[in-house]
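Owing to the predicted nature of the structure, the values given are computational and were not obtained by experimental measurement. Both counts, for ligands and for their atoms, begin at 1 and track the order of listing.
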Amino acid sequence: MVVRGVHPAPVEIPDAVHALAGWYVGWGSVTPVWRNDLGGLTFRLQDAGFPPPGATTPGRPAQYLKWVPEGAPCPDPVAEAGRLRWVSPFTRVPEVVDAGRGDDGAWLLTQERAGISAIDPRFRDDPRTATRSVAEGLRLLHDAAPVASCPFLWTPESRTAALPDAVRAGIGEPPPVDRLVVCHGDPCVPNTLLHDDGSFAAHVDVGELGVADRWSDLAVASRSVVRRFRDPGLEAEFLAAYGVVPDPERVAYYRTLWDVVEHHRRRRRPR
Ligand SMILES: Nc1ncnc2c1ncn2[C@@H]1O[C@H](COP(=O)(O)OP(=O)(O)O)[C@@H](O)[C@H]1O
Ligand SMILES: [Mg+2]
């Protein structure tokens, strides 16, 4: 079956997703909302919504099903579930319903969070507000989640461990740590949800969340707002809203690290 969702290209719904959607919500609707460029797919699942006559309770809230086919170099949805459960007392993230693994892929099911992705067209007219909210959301996470008890790492060492020595050497030595925090791990604009008024609502997509220098997040988030909203002035806006002075050396290092790791991840993508 081919369905058109928010993503402009038609999306083939994998058989496994049909089976999971049937299992979780019966004959409800399955709407593709997102396809990442590593093969992962996200669907919004909604109950059929036929309450018995006279029922006063609305149908169940919608849920999001992220599906990662076997072999796709995306973060593991089951590992993401562990991170969501760990971080949920400290910041706003989706509640995990279930996660699992089958022969042809792995999945994560979460409750829908109120909020709209910061890349939604409604925020295009006010990119400064969206930019500030992305920064404020990261600041809330960095200030609230406890480094000492976080079991996950996202340091340059952990991120480059699987790379060939020559590639790792090419990235260079990390600058001294400015401040260790629990980083989001994929702090690009689509992974922040905003309220209708543009204020921060929640973080999604925390499959790489872990302890690292805060510039690991700030370097890529500040570049992401500039690219998404096509305005170089937003880098300064982002850093001011987060509450930090620019640090060109750490920004350059962590952007290079990100680009090299992503380049190698893409080379692992099965065709
Ligand atoms: N629980 C949720 N509540 C609301 N929106 C969600 C939820 N989970 C995912 N989304 C939406 O789906 C998109 C894709 O999910 P995400 O986890 O970011 O997948 P990917 O790893 O492919 O980027 C998000 O950008 C967000 O808009
Ligand atoms: Mg995402």
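- At a 3.5 angstrom cut-off on N or O pairs, Thr110 counts as close to ligand 1.
- Ring geometry for Phe238 against Tyr242 counts as parallel: the plane angle stays under 30°, on a 0 to 90° scale with 60° as the upper cut.
- Side-chain atoms of Asp217 and Tyr254 include no donor-acceptor pair closer than 3.5 Å.
- At the top of the distance list for atom 10 (N) of ligand 1, counting protein heavy atoms only, stands Tyr64 CD2, 3.5 Å.
- One option in His203, Glu112, Lys66, Glu208 has a heavy atom closer to atom 16 (P) of ligand 1 than any other, and that option is Lys66.
- Partner of Glu208 under the salt bridge (Lys or Arg N to Asp or Glu O under 4.0 Å) criterion, chosen from Arg265, Arg83, Arg159: Arg265.
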Let me check something: any side-chain donor-acceptor pairs from residues 173-181 under 3.5 Å, sequence neighbours excluded? List them with distances.
residue: Asp178; atom: OD2; partner: Arg214; partner atom: NE; Å: 2.8
residue: Asp178; atom: OD2; partner: Arg214; partner atom: NH2; Å: 3.2
residue: Asp178; atom: OD2; partner: Trp215; partner atom: NE1; Å: 2.8

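- The protein heavy-atom contact nearest to atom 24 (C) of ligand 1 is Val204 CG2, 3.9 Å.
- Note: no N/O pair closer than 3.5 Å links Pro94 and ligand 1 by distance alone.
- For atom 27 (O) of ligand 1, the closest non-hydrogen atom of the protein is Ser117 CB, 3.6 Å.
- The Mg ion (ligand 2) has Asp205 among its coordinating residues (N/O/S atom, backbone or side chain, under 2.8 Å).
- Look at Arg85 and Glu95 and you find no salt bridge, because none of the NZ, NE, NH1 or NH2 atoms lies under 4.0 Å from a carboxylate O.
- Under 3.5 Å, the side chains of Arg255 and Ser222 contain a donor-acceptor pair of N or O atoms.
- The shell of residues lying under 4.0 angstrom from ligand 1, judged by heavy atoms, excludes Gly40.
- Under the 3.5 Å distance criterion, with hydrogens and angles disregarded, no donor-acceptor pair is assigned to the side chains of Gln63 and Tyr24.
- Ranking protein heavy atoms by distance to atom 25 (O) of ligand 1, first place goes to Pro190 O, 3.0 Å.
- Counting backbone and side-chain atoms alike, Asn191 contributes an N/O/S atom closer than 2.8 Å to the Mg ion (ligand 2).
- Distance from atom 20 (P) of ligand 1 to its nearest protein heavy atom, with residue and atom name: Asp205 OD2, 3.4 Å.
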